[in-house]
Amino acid sequence: PAILVVAALSRFGFSAWVVGLDAMPKGDEADYHAIATHLADGAGFRSTEEVPTARRPPAYPVFLSLLYRATGPDPAAGRIAQVILGVMVVWLTVRVGRAWFGDTGSAFAGWFSALNPFLVFISGYLLTENLYLVLVLGAMALAPTPRAACASSWRRAALVGFLLGLAALTRPSGLPIVEWMLAAMI
């Protein structure tokens, strides 16, 4: 659909031409890149200072390290993965919007997320937000209501719980959003 094409082009354009695919990571993304590089090399959870750290939640560095094992520790590969995750955020937003609000609501939510400057921005950097959103929205797409999560099968309920657990390991500060989401579904 056009929404996904616009989402992909805006995110890739920002990542490639504004940030630069090969730009050196800085700030928080430098930490995630360093930890992922060390994990991929088998050196453990180590920061930019080369010392063991627990300063960052584990899921995103592990995700990046799996990518780096295939591509080498290349920020460009991480940024392209961020673009793909950003497009997945839009696609999942459309799916959840359709389940909650029908076709009109899903189209509005899809275009809003495809063109949202913040969501485009975070797709250009090696940060946790896109992976977190994919995990939470994936759980919401599988179970738009708690009753749907439990009524369909125990496997689906377990998968929803697994995705929300990974979301908590990706961005612990986002945990209250999950709680509010669950309260809203009840």
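Sequence positions, counted from 1, serve as the residue numbers for this chain.
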Between V5 and W111, is there a shared hydrophobic cluster once you connect ILVMFWY residues whose side-chain heavy atoms come closer than 4.5 Å? no

At their closest point, which heavy atom of Y132 faces which heavy atom of A167, and how far apart are they? CD1-O, 3.5 Å

Shortest non-hydrogen contact from V94 toward S106: O-CB, 3.3 Å

Okay, side chain of R95, backbone of L137: is any donor-acceptor separation there less than 3.5 Å? no

Tell me if the CZ atom of R55 is crowded by more than 12 foreign heavy atoms within 6.0 Å. yes

First locate atom CZ of F45, then atom OG of S65, and finally report the distance between them rounded to the nearest 0.5 Å. 9.0 Å

If you measure from OG1 on T93 to CG on L133, what distance do you get to the nearest 0.5 Å? 7.5 Å

Determine the interplanar angle of the F108 and F112 rings, folded into 0 to 90°, and report it as parallel if under 30°, tilted if 30 to 60°, perpendicular if over 60°. parallel

Kindly work out whether a path of hydrophobic side-chain contacts (I/L/V/M/F/W/Y, heavy atoms less than 4.5 Å apart) joins F101 to V89. yes

Does R156 reach the main-chain N or O of L142 with its side chain, forming a donor-acceptor pair under 3.5 Å? yes

Would L127 end up clustered with M24 when hydrophobic side chains under 4.5 Å apart are linked, directly or stepwise? no

Take L85 and F63 through the test side-chain contact (heavy atoms from CB on, under 4.5 Å) and record every step on the way to the result. CA-CA 12 Å; L85 287 172; F63 167 79; 3.8 Å; yes

Which heavy-atom pair separates A77 from T71 by the least distance, and what is that distance? CB-OG1, 3.5 Å

Using modelled atom types only, decide if a donor and an acceptor are shared between the side chain of H33 and the backbone of P25 within a distance under 3.5 Å. no

Pairwise side-chain contact, R98 with D103, heavy-atom cut-off 4.5 Å (strictly under): yes

Distance col, row L131:CG vs L126:CG, nearest 0.5 angstrom, shows 12.0 Å

D28: side chain to side chain donor-acceptor pair (under 3.5 Å) partners, not counting sequence neighbours: R56

Parallel, tilted or perpendicular, judged at 30° and 60°: which one describes the rings of W17 and F12? perpendicular

Please walk me through it: do Q82 and S15 pass side-chain contact (heavy atoms from CB on, under 4.5 Å)? CA-CA 9 Å; Q82 285 293 101; S15 189; over 6 Å; no

Could you tell me which residues satisfy side chain to side chain contact (heavy atoms under 4.5 Å, CB included) with S123, sequence neighbours excluded, listed by chain and number? R11, N130

Can you tell me how far the CG atom of D31 sits from the OG1 atom of T48, to the nearest 0.5 Å? 4.5 Å

Do you know the tightest heavy-atom contact between A139 and L163? N-CD1, 3.7 Å

Linking I/L/V/M/F/W/Y whenever any side-chain heavy atoms sit under 4.5 Å apart, do L92 and I122 land together? yes

Separation between CG of L175 and CG of L169, rounded to the nearest 0.5 Å: 9.5 Å

Over all heavy atoms of both residues, which pair between G78 and Y68 is shortest? Give the atoms and the distance, please. N-CE2, 4.4 Å

Would a single hydrophobic cluster contain both V83 and L9, if residues Ile, Leu, Val, Met, Phe, Trp and Tyr are joined by side-chain heavy-atom contacts under 4.5 Å? no

Closest non-hydrogen contact found for A143 with V160 is CB-CG2, 3.7 Å

Under a 4.5 Å cut-off applied to non-hydrogen side-chain atoms, are V62 and I35 in contact? no

Verdict with supporting geometry, Y60 and R171, side-chain contact (heavy atoms from CB on, under 4.5 Å): CA-CA 8 Å; Y60 186 70; R171 192 156 181 79; over 6 Å; no

Point-to-point distance, once rounded to the nearest 0.5 Å, from OG of S113 to CD1 of I3: 7.5 Å

Can you tell if the side chain of V18 reaches within under 4.5 Å of the side chain of F121, non-hydrogen atoms only? no

Report the C-alpha separation of L115 and V120 in whole Å, then their side-chain angles, then the decisive distance to 0.1 Å, and conclude whether the side-chain contact (heavy atoms from CB on, under 4.5 Å) test is met. CA-CA 7 Å; L115 299 172; V120 172; over 6 Å; no

